[in-house]
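Here is the structure we will look at, set down as structure tokens.
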Amino acid sequence: MKYISTRGQAPELTFEEAMLTGLARDGGLYLPAEIPVMTQDEIAALAGLPYEEIAFRVMWPYVSGSFAEDEFKAIIARAYEGFGHDARAPLKQLNENHFLLELFHGPTLAFKDFAMQLIGQLFQVALKRRGDRVTIVGATSGDTGSAAIEAFRGLDAVDVFILFPHGRVSEVQRRQMTTPSDSNVHALAVDGDFDDCQAALKDMFNDFDFRDGVKLAGVNSINFARVLAQIVYYFSAAVSLGAPHRKVSFTVPTGNFGDIFAGFLAKRMGLPIDRLVVATNQNDILHRCLSGEGYFKGDTIPSISPSMDIQVSSNFERALYYAYGEDSGAVAQLMDELKNGGFNVSQGAMEALRESFDSGRASEDETLATIKHTLAHSAELVCPHTAVGIKIAEEHRAADVPMITLATAHPAKFPAAVEKASDVHPPLPSRMSDLYERPERVTRIANDLGALEEHIRRHIAE
Ligand SMILES: *Cc1c(COP(=O)(O)O)cnc(C)c1O
């Protein structure tokens, strides 16, 4: 499989090359040149298989030129062995036709472990074979950073630097990033918000001297390998509710559009998904855009679902690429307009987006009320991101199609909001109950590209 850039001006790469580089050199995002399709029989045959086997069958066409079959199976096995649930992504029922897909049984209690644990193992195998090392820099609104650190800590071919917005992540999130003692792990608290961190990361990738000098690699949700790993649980969930013989819909608490874009690919691969519902908090650029108001940046407002406090959703560029009929020139032009604040989406592209996506927005009060209601009526304590999803899912649920809401984090990751809503303090799973006692290690740093690049150069392979 060859990988192409959404902006059309970067070289075609193999899966391994696209994974190791992250962002394309023309500023675009890599996508497979063709989306592989699974037949209805192949999808039906997934029912009842272990998660790892479903993962292999779904992902294999995307990676087959870069890894051997047995090698890839072993990578998948190692990626998910540290999860605290044999089903990896279990489904729970909320009411007659609404299900929760629990994606928080990995080592950092959020869905990002599904992709990050896999990518850690993929990097290790690929770099070992090449005799190479890389510097991974990631920007995080909280969950990506801890997941990346857990996935790469202790690997000798990798240094990992994580930029997070100082004071804007939960204490559990911060501690998960600042307490690992491995010398290849570097947590950086940036004086800015998540969009500043993400912009600094993009600037580093566009500074080719720096990029080549430190062998920069990205594992943010722009990395196609991240998206790939997330396709799998759409299949595992749908087949356990009767696909391909029955359609299902998904509601996805959304920030950077990575998780829901994986659902879009699952649909294009042949999984009978009826609706993909984008659920946003008060940072609602995606909901405004899908409501026909254009894609215009606002200010990021801190919320109780901080992993969705995002104004520019990087992966939306991938959805636009397909909505504009794979016209990379049109995408490049839109992204140019975005630098000046935003753009309007053409009528044809809006129609294409609406074929797959619906959207909704939950306020802070609605989110708190949903946590309370879900505990009272379904006996489930949910995190605020998941609550945003449940609220919007109920608004879009159809009687004849099961709705699956992605439960993106464990409630114990966001104890303040959960307790405020429900009067219940969500305990950490016992395997990480000493998190509050471990010493922290973090560097506070200005929101300044020069300062960040210098810090990274000085601390590689210390
Ligand atoms: C990252 C994250 C999201 C948003 O996912 P995207 O792929 O960025 O849309 C939602 N909820 C939680 C808990 C997250 O960590």
Side-chain angles (χ1 to χ4, degrees), residues 1-6 8 10-21 24 28-47 49-73 75-76 79-80 89 114-115 118-119 121-122 125-126 221-239 243-245 247-248 250 252 257-274 276 315 317-328 352 355-357:
M1 178 77 75
K2 282 286 175 191
Y3 286 78
I4 53 165
S5 165
T6 48
E12 285 190 4
L13 300 181
T14 64
F15 173 78
E16 180 175 315
E17 290 164 341
M19 171 184 83
L20 291 173
T21 193
L29 279 63
Y30 277 105
L31 280 169
E34 282 155 48
I35 300 173
V37 173
M38 289 177 76
T39 65
Q40 299 296 289
D41 286 348
E42 284 169 335
I43 294 170
L46 300 176
L49 295 179
Y51 187 84
E52 283 80 351
E53 179 62 27
I54 297 176
F56 175 77
R57 295 190 191 185
V58 169
M59 294 192 286
W60 179 244
Y62 291 92
V63 307
S64 56
S66 295
F67 294 91
E69 209 170 306
D70 285 350
E71 188 175 47
F72 190 52
K73 283 188 173 163
I75 285 169
I76 294 170
Y80 299 120
F114 277 89
L118 184 79
I119 234 185
Q121 300 301 326
L122 288 167
V125 170
S221 62
I222 50 178
N223 193 308
F224 184 75
R226 289 269 308 273
V227 175
L228 175 62
Q230 293 165 2
I231 299 172
V232 176
Y233 44 71
Y234 287 89
F235 277 89
S236 69
V239 295
H245 314 298
K247 283 190 172 190
V248 298
F250 289 90
V252 186
F257 212 81
D259 210 5
I260 193 158
F261 182 72
F264 175 78
L265 289 180
K267 183 172 174 161
R268 294 278 294 245
M269 288 175 73
L271 191 66
I273 296 176
D274 187 24
L276 286 163
N315 274 292
E317 179 169 342
R318 289 187 160 118
L320 289 169
Y321 175 78
Y322 292 111
Y324 277 84
E326 308 186 20
D327 179 349
S328 54
E355 268 174 37
S356 298
F357 298 106

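Using modelled atom types, no side-chain atom of R268 and backbone atom of V37 make a donor-acceptor pair closer than 3.5 Å. At distances below 3.5 Å, not a single donor-acceptor pair connects side-chain atoms of T6 with backbone N or O atoms of R318. Not a single donor-acceptor pair under 3.5 Å links the side chain of K247 to the backbone N or O of D274.
By the side-chain contact (heavy atoms from CB on, under 4.5 Å) test, A352 is found to be paired with A323, residues two or more places apart in sequence or in another chain being considered. In this structure E42 satisfies the salt bridge (charged side-chain N to carboxylate O under 4.0 Å, His left out) test with no other residue, sequence neighbours excluded. Annotation: side chain to side chain donor-acceptor pair (under 3.5 Å) contacts of S236 (sequence neighbours excluded): none. Take S328 and apply the side-chain contact (heavy atoms from CB on, under 4.5 Å) test, not counting sequence neighbours, and it matches Y321. In this structure, the side-chain contact (heavy atoms from CB on, under 4.5 Å) partners of A243, at least two apart in sequence or on a different chain, are A238, L271, P272. Partners of E52 by side chain to side chain donor-acceptor pair (under 3.5 Å), not counting sequence neighbours, listed by chain and number: R88. With sequence neighbours left out, the side-chain contact (heavy atoms from CB on, under 4.5 Å) criterion links A79 to Q117, L118, Q121.
Nearest heavy atoms, E317 versus G28: OE2-CA, 3.7 Å. Summarising the geometry of I273 relative to A266, their closest heavy-atom pair is CD1-CB, 4.1 Å, with the distance given to 0.1 Å. For the residue pair F250 and A237, the shortest heavy atom distance occurs at CE2-CB, 4.2 Å. The heavy-atom pair separating M1 from A33 by the smallest distance is SD-N, 4.2 Å. Taking every heavy atom of both residues into account, A225 and M19 meet most closely at CB-CG, 3.9 Å.
In this structure, CD1 in I75 is found 11.5 Å from CD1 in I119, a value given to the nearest 0.5 Å. Rounding to the nearest 0.5 Å places CZ of F264 at 6.0 Å from CD1 of I35. To the nearest 0.5 Å, atom CG of residue L46 and atom CG of residue D41 are 11.0 Å apart. Summarising the geometry, atom CG belonging to L31 is positioned 7.0 Å from atom CG belonging to L265; distances are rounded to the nearest 0.5 Å. To the nearest 0.5 Å, atoms CD1 (I43) and NE2 (H245) are separated by 10.0 Å. Taking CD1 from I260 and CG from N315, the interatomic distance works out to 11.5 Å, rounded to the nearest 0.5 Å.
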Identify all side-chain donor-acceptor contacts of residues 55-70 below 3.5 Å with residues at least two apart in sequence or on another chain.
unit_1, atom_1, unit_2, atom_2, d
R57, NE, E53, OE2, 2.8
R57, NH2, E53, OE2, 3.4
S66, OG, E16, N, 3.1

Sequence neighbours left out, cut at 3.5 Å: what donor-acceptor pairs do the side chains of residues 226-234 make with other protein atoms?
unit_1, atom_1, unit_2, atom_2, d
R226, NH1, V219, O, 2.6
Y233, OH, D259, OD1, 2.6
Y234, OH, D259, O, 2.8

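In this structure, F15 has its ring center no closer than 6.0 Å to that of F72.
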Q.
Could you walk me through whether L13 and K2 satisfy the side-chain contact (heavy atoms from CB on, under 4.5 Å) test, starting with their C-alpha distance in whole Å, then the side-chain angles of each, then the deciding distance to 0.1 Å, before giving a yes or no?
A. CA-CA 6 Å; L13 300 181; K2 282 286 175 191; over 6 Å; no

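When side chains are defined from C-beta on, P244 does not count as touching M38, because their heavy atoms never get closer than 4.5 Å.
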